[in-house]
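Have a look at the structure below before the remarks.
The chains referred to below are lettered A, B, ... by the order of the sequence lines, with proteins before strands, and numbering in each begins at 1.
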2 protein chains.
Amino acid sequence: MSSKVIIEDVGKKTKEDLKVLILNSAKKLFVEKGIEQTTIRNISDSIGCSIGTVYVYFKDKNAIFHALHTQGFIQLSSEFKVLSHVGNPLERLRAMGKVYINFALKNRDMYDLMFNLKAPMEFLNDEKLQEWNEGKATFDVLCSTVNECLTAGYFKGHELEPTAFMIWSMVHGMCSLEISNRSVGVNIQNPETIVIAAYEEFMKIMDKL
Amino acid sequence: MSSKVIIEDVGKKTKEDLKVLILNSAKKLFVEKGIEQTTIRNISDSIGCSIGTVYVYFKDKNAIFHALHTQGFIQLSSEFKVLSHVGNPLERLRAMGKVYINFALKNRDMYDLMFNLKAPMEFLNDEKLQEWNEGKATFDVLCSTVNECLTAGYFKGHELEPTAFMIWSMVHGMCSLEISNRSVGVNIQNPETIVIAAYEEFMKIMDKL
DNA sequence: AAATTAAATGAACATTGTTCATTTTTACAA
DNA sequence: TTGTAAAAATGAACAATGTTCATTTAATTT
């Protein structure tokens, strides 16, 4: 009787767990060795199942990377939670940028997957899902913060969405150039601090608005 | 006698031309079908030579893409030449951003190759060349323009290099989000004009500095 | 004309993502 | 317990990729 329950539990666990296991293994390889070293065979080897099994739980490689990209957004939005304690919207916006930048630089490949690589978007296309919910939700957070700034009298004479997109572009561009090794390639005096220094320039500007 | 000269010329031409031919063919395929459709076999097929011949002239695929990326920078810097007629440094800076954005949006895959993809940087690493001359030269143009702005009294209280990097990040971020299809995925009212609208917000800010 | 050098070749190899007929396991009714 | 049907797992096989290299072909020099 009790054994029956246990068996059921184990059965249920392993059934869903195999998908989770594949994903965890994929994430581990992905974080450790980068995206091009994360092959289906590597994943199946590392959890001791066959290649075919991976395809039972995921349509293709893009599906795996889309799932990973979603995990990345879950982590990012959880890191955004500390911002709710910042009352002033402009202060919150500035802190948001810092959290975003820190996340990007500490999770480079994950950031690349979330905001640069084609895999997650190709998955959405294949599934005929036009909605990029993860990106929408994140951009909404930014928009409502910028909107609060506008209501509070900051950013006078600026449009909401273009301004929000500009700010996003700003921090995304910095992180992106850093991650793609373009910022170190260029002759900058202090390459190791350029992202932070550039963001501080931007914050100076914010103050004047 | 004259035939001898001609033969020499033809010989010389075809010798160097094969490398150019490979590159032109690679560029054509790359622009038409994107980077993942540009295979060595496609290139060799389209010019009617064998696979091995491509490897006579290029060390590997990264070498081809690095050469293409260099061509892209030549094109970009030639498009920058119209800027020399703009006297006011701030005006020139603004125009520079527009040229940059136009180039990026009209040559999406090329822009991706120049500023996002790993291939050109991996090539530099493999060759033990630390210098990213193309990027350095382009960033220098931006820096000297920003420096002129500082000398002319704009951007008071701002540091040269961080400010230049911030501006670069700004326009790069916009183009990058657009090219990677992240801007259309997000819920924006006017997605087709968001890049221009966001850049206009940035120009409003420049005016105030 | 012969010999040497350079250039071009494409078969072969190792890796990839992906498929699918087959086997193994599980669930459940008789 | 046994038999059967459904579900899950398998891995051989395929096509496409980048890359190598012994061999062949062409060009140049002696």
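Mapping Thr39(B) and Cys49(A) onto DNA chain D by nearest heavy atom places Cys49(A) closer to the 5' end of the strand. Heavy-atom nearest nucleotides on DNA chain C were determined for Lys59(A) and for Asn42(A), and the one closer to the 5' end corresponds to Asn42(A).
Following rounding to the nearest Å, Phe58(B) (CZ) and dA8(C) (P) show an atom-to-atom distance of 13 Å. As a whole-Å value, the separation of Ile51(B) CD1 from dG10(C) C1' is 6 Å. Whole-Å rounding puts the Asn62(A) CG to dT16(C) P distance at 17 Å. Atom CD1 in Ile40(B) sits roughly 11 Å away from atom P in dT20(D) (whole-Å rounding). Rounded to an integer number of Å, the gap from OH of Tyr55(A) to P of dC14(D) is 17 Å. One can place CZ of Arg41(B) at 16 Å from P of dT15(C), the figure rounded to the nearest angstrom. One atom, CG of Asp60(B), and another, C1' of dC21(D), lie 16 Å apart when rounded to the nearest Å. Computed from coordinates, the Leu18(A) CG to dT10(D) C1' distance equals 12 Å when rounded to whole Å.
At a threshold of 4.0 angstrom between heavy atoms, the contacts of Thr53(B) include nucleobase atoms, whether or not backbone atoms are also involved.
The shortest distance between side-chain heavy atoms of Val99(B) and Leu83(B) falls below 4.5 Å.
OP1 and OP2 of dA8(D) both lie 4.0 Å or more from every side-chain N or O belonging to Tyr57(A).
Cation-pi geometry between Lys98(B) and Tyr199(B) is not met at under 6.0 angstrom from the ring centre and within 45 degrees of the axis.
The aromatic rings of Phe139(A) and Phe165(A) stand perpendicular to each other, their planes meeting at an angle above 60°, with 30° marking the opposite boundary.
Other residues, nucleotides and ligands contribute at most 12 non-hydrogen atoms within 6.0 Å of the CD1 atom of Ile196(A).
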